[in-house]
*Asks:* 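Please find one structure pasted underneath; my questions will follow.
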Amino acid sequence: MTALVFLDPAHPEGRVADPSQPQLKVTSSGITRGDGIFETMLAVKGAPRKLQAHLSRLATSAEALELKVPPSDEWERAISTALREADDDGDLVVKLVAVRDGDAGSSAIAWVLVTPLPQGLRGQRLSVLLLDRGYDSTVAQRAPWLLMGAKTLSYAVNMAALRHARSQGADDVIFTSSDGKVLEGPTSTVLIARVINGVKHLITPQLETGILPGTSQGALFEAARDAGWELGYGPLVPEDLFNADGAWLISSVRLLAEIGSIDGKPLTISPELSAELGELVESVS
């Protein structure tokens with residue numbers, strides 16, 4: 001069941017609303033300009049995974065947009081209310097959204113939307129295209145107003161990239177910078193593994209390139225470190241993907257997805273490494 005709860009000072013536990021009815025003003029710049037932020041997480045048996053990491057990233061995104069959002073405890077209460085309203089023991093998708101109220105000012109309209117997990121999302125082996133994002137790898141440091149490390153509602157380019165990939169028979173995308181660095185997927189973080197002299201290394205691109213800090217990647221890195229893996233943060237170039245002992249895209253809802261090919265060229269596939277990393281992903285909450 002779908003559940004919608006607005007964060008409202010008059011309703012400390014959140015205001016339950018009908019998701020089938022109109023709820024927002026057409027004048028909100030969140031609607032007209034994509035001026036807002038969001039987070040998406042998985043809830044398993046009524047418990048959201050990596051909740052504090054998502055709330056922390058939401059606050060960071062809000063700060064980048066100069067958007068005043070409710071504090072974490074209000075989000076937590078609204079999430080609890082939405083999950084109770086959903087009344088579903090299955091895996092659920094929990095989406096937190098805050099949009100600017102009107103065209104100016106810093107106040108926000110905020111809500112929680114809970115929906116069932118889409119069928120067929122897990123267990124895919126992906127075919128991926130490399131697409132140029134059109135920025136070099138230093139743009140985030142040089143032009144912070146581009147909001148490269150914030151999770152904003154302005155996802156039109158990301159969705160266009162996915163549509164292009166699917167029109168070419170691929171499943172997903174990895175963006176590259178104009179100076180040849182591996183960045184991220186439209187809705188995911190890139191991971192590669194290398195086994196060197198028996199030591200397992202897990203590597204992701206550098207955050208300084210302007211990618212979104214992945215909550216799932218961060219949680220997996222902590223679990224992998226505890227399991228004896230060595231960790232690394234790029235820089236990565238496309239050749240590193242082809243030379244790796246395994247490559248994956250990771251996200252909060254789809255979790256870990258193995259990459260089978262890039263631009264039609266097969267990658268090394270390691271069922272053993274995928275199984276081990278998959279177990280580590282499942283173990284973190």
Side-chain angles (χ1 to χ4, degrees), residues 1-19 21 23-25 28-31 34-102 104-117 147 149-153 155 187 189 207 212-223 251-253 255 281 283-285:
M1 172 181 172
T2 298
L4 174 64
V5 174
F6 281 86
L7 283 77
D8 185 334
H11 299 265
E13 303 303 313
R15 175 172 56 84
V16 177
D18 184 348
Q21 296 300 313
Q23 301 290 343
L24 299 177
K25 301 174 184 177
S28 167
S29 62
I31 303 300
D35 191 2
I37 57 176
F38 76 102
E39 285 289 327
T40 307
M41 69 194 81
L42 187 67
V44 179
K45 296 181 180 179
R49 289 167 53 96
K50 309 188 306 298
L51 175 58
Q52 295 307 317
H54 283 286
L55 290 174
S56 176
R57 190 170 66 179
L58 185 80
T60 299
S61 296
E63 183 178 2
L65 269 70
E66 300 181 22
L67 189 64
K68 186 178 179 180
V69 300
S72 293
D73 61 326
E74 292 184 27
W75 284 106
E76 291 181 38
R77 290 196 296 271
I79 292 167
S80 295
T81 299
L83 288 170
R84 285 197 303 272
E85 288 292 314
D87 191 25
D88 190 330
D89 291 332
D91 290 353
L92 297 168
V93 179
V94 180
K95 192 166 189 175
L96 318 181
V97 184
V99 300
R100 200 174 306 277
D101 187 5
S106 61
S107 62
I109 304 169
W111 66 90
V112 178
L113 180 67
V114 173
T115 56
L117 181 71
L147 303 173
K151 195 171 178 70
T152 73
L153 291 175
Y155 260 48
T187 62
T189 306
L207 289 177
L212 186 73
T215 60
S216 295
Q217 171 266 315
L220 175 58
F221 264 41
E222 290 184 15
S251 59
S252 291
V253 174
L255 302 182
V281 169
S283 73
V284 299
S285 59

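Keep in mind it's a predicted model, so treat the numbers as computed, not measured. Quick note: residue numbers are just sequence positions, from 1.
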*Asks:* Within the distance-only criterion (no hydrogens, no angle test), does the side chain of Thr81 pair as donor or acceptor with the backbone N or O of Arg77 below 3.5 angstrom?
*Replies:* yes
*Asks:* Less than 4.5 Å apart, any side-chain heavy atom of Val94 and any of Leu113?
*Replies:* no
*Asks:* Do the side chain of Ser61 and the main chain of Lys151 share a donor and acceptor less than 3.5 angstrom apart?
*Replies:* yes
*Asks:* Does Leu117 reach the side chain of Leu92, with side-chain heavy atoms less than 4.5 Å apart?
*Replies:* no
*Asks:* Any chance you could measure Lys50, atom NZ, to Glu39, atom CD, to the nearest 0.5 Å?
*Replies:* 9.5 Å
*Asks:* Would you mind reporting whether Leu4 and Asp18 have side-chain heavy atoms less than 4.5 Å apart?
*Replies:* no
*Asks:* I need the Glu74 CD to Ile79 CD1 distance, nearest 0.5 Å.
*Replies:* 12.0 Å
*Asks:* For the OG1 atom of Thr215 and the CG atom of Leu55, what is their distance to the nearest 0.5 Å?
*Replies:* 10.5 Å
*Asks:* Do you know the tightest heavy-atom contact between Ala82 and Ala3?
*Replies:* O-CB, 3.4 Å
*Asks:* With sequence neighbours excluded, tell me which residues meet side-chain contact (heavy atoms from CB on, under 4.5 Å) with Ala98.
*Replies:* Ile37, Leu67, Val69, Trp75, Ala108, Ala110
*Asks:* Verify side chain to side chain contact (heavy atoms under 4.5 Å, CB included) between Val281 and Arg49, making sure each step is shown before the conclusion.
*Replies:* CA-CA 11 Å; Val281 169; Arg49 289 167 53 96; 4.0 Å; yes
*Asks:* Does a donor on one side chain sit under 3.5 Å from an acceptor on the other, for Thr60 and Arg57?
*Replies:* no
*Asks:* List the steps and the verdict of side-chain hydrogen bond (donor to acceptor under 3.5 Å, both in side chains) for Ser216 and Ser251.
*Replies:* CA-CA 6 Å; Ser216 295; Ser251 59; over 6 Å; no
*Asks:* Find out whether Val16 and Phe6 are in side-chain contact, i.e. whether some heavy atom of one side chain is under 4.5 Å from a heavy atom of the other.
*Replies:* no
*Asks:* Working to the nearest 0.5 Å, report the span between CG of Leu51 and CD of Glu76.
*Replies:* 5.0 Å
*Asks:* Any side-chain heavy atom of Ser29 sitting closer than 4.5 Å to one from Arg100?
*Replies:* yes
*Asks:* Do the ring planes of Phe38 and Tyr155 sit parallel (below 30°), tilted (30 to 60°) or perpendicular (above 60°)?
*Replies:* perpendicular
*Asks:* By side chain to side chain donor-acceptor pair (under 3.5 Å), which residues pair with Thr189, not counting sequence neighbours?
*Replies:* none
*Asks:* Could you name each residue pair satisfying side-chain hydrogen bond (donor to acceptor under 3.5 Å, both in side chains) that touches residues 2-16, not counting sequence neighbours?
*Replies:* Asp8-Arg15
*Asks:* In Å, rounded to the nearest 0.5 Å, how long is the span from CD of Gln217 to OG of Ser252?
*Replies:* 11.0 Å
*Asks:* Heavy-atom count check: over 12 atoms from other residues, nucleotides or ligands less than 6.0 Å from Asp73 CG?
*Replies:* yes
*Asks:* Contact between Val99 and Leu153 at the side-chain level, heavy atoms closer than 4.5 Å - yes or no?
*Replies:* yes
*Asks:* Just how far is it from atom CG of Leu83 to atom CG of Asp89, taken to the nearest 0.5 Å?
*Replies:* 11.0 Å
*Asks:* Give the minimum heavy-atom separation between Ala78 and Val112, together with the two atoms involved.
*Replies:* CB-CG2, 3.9 Å
*Asks:* In the structure I gave you, are the side-chain heavy atoms of Ile109 and Lys25 within less than 4.5 Å of one another anywhere?
*Replies:* no
*Asks:* Side-chain contact test, heavy atoms from C-beta onward, threshold under 4.5 Å: evaluate it for Asp35 versus Leu65 and give yes or no.
*Replies:* yes
*Asks:* Indicate the atoms forming the closest heavy-atom contact of Asp88 with Met1, along with that distance.
*Replies:* OD2-N, 3.8 Å
*Asks:* Walk me through whether Val284 and Glu222 qualify under side chain to side chain contact (heavy atoms under 4.5 Å, CB included).
*Replies:* CA-CA 9 Å; Val284 299; Glu222 290 184 15; over 6 Å; no
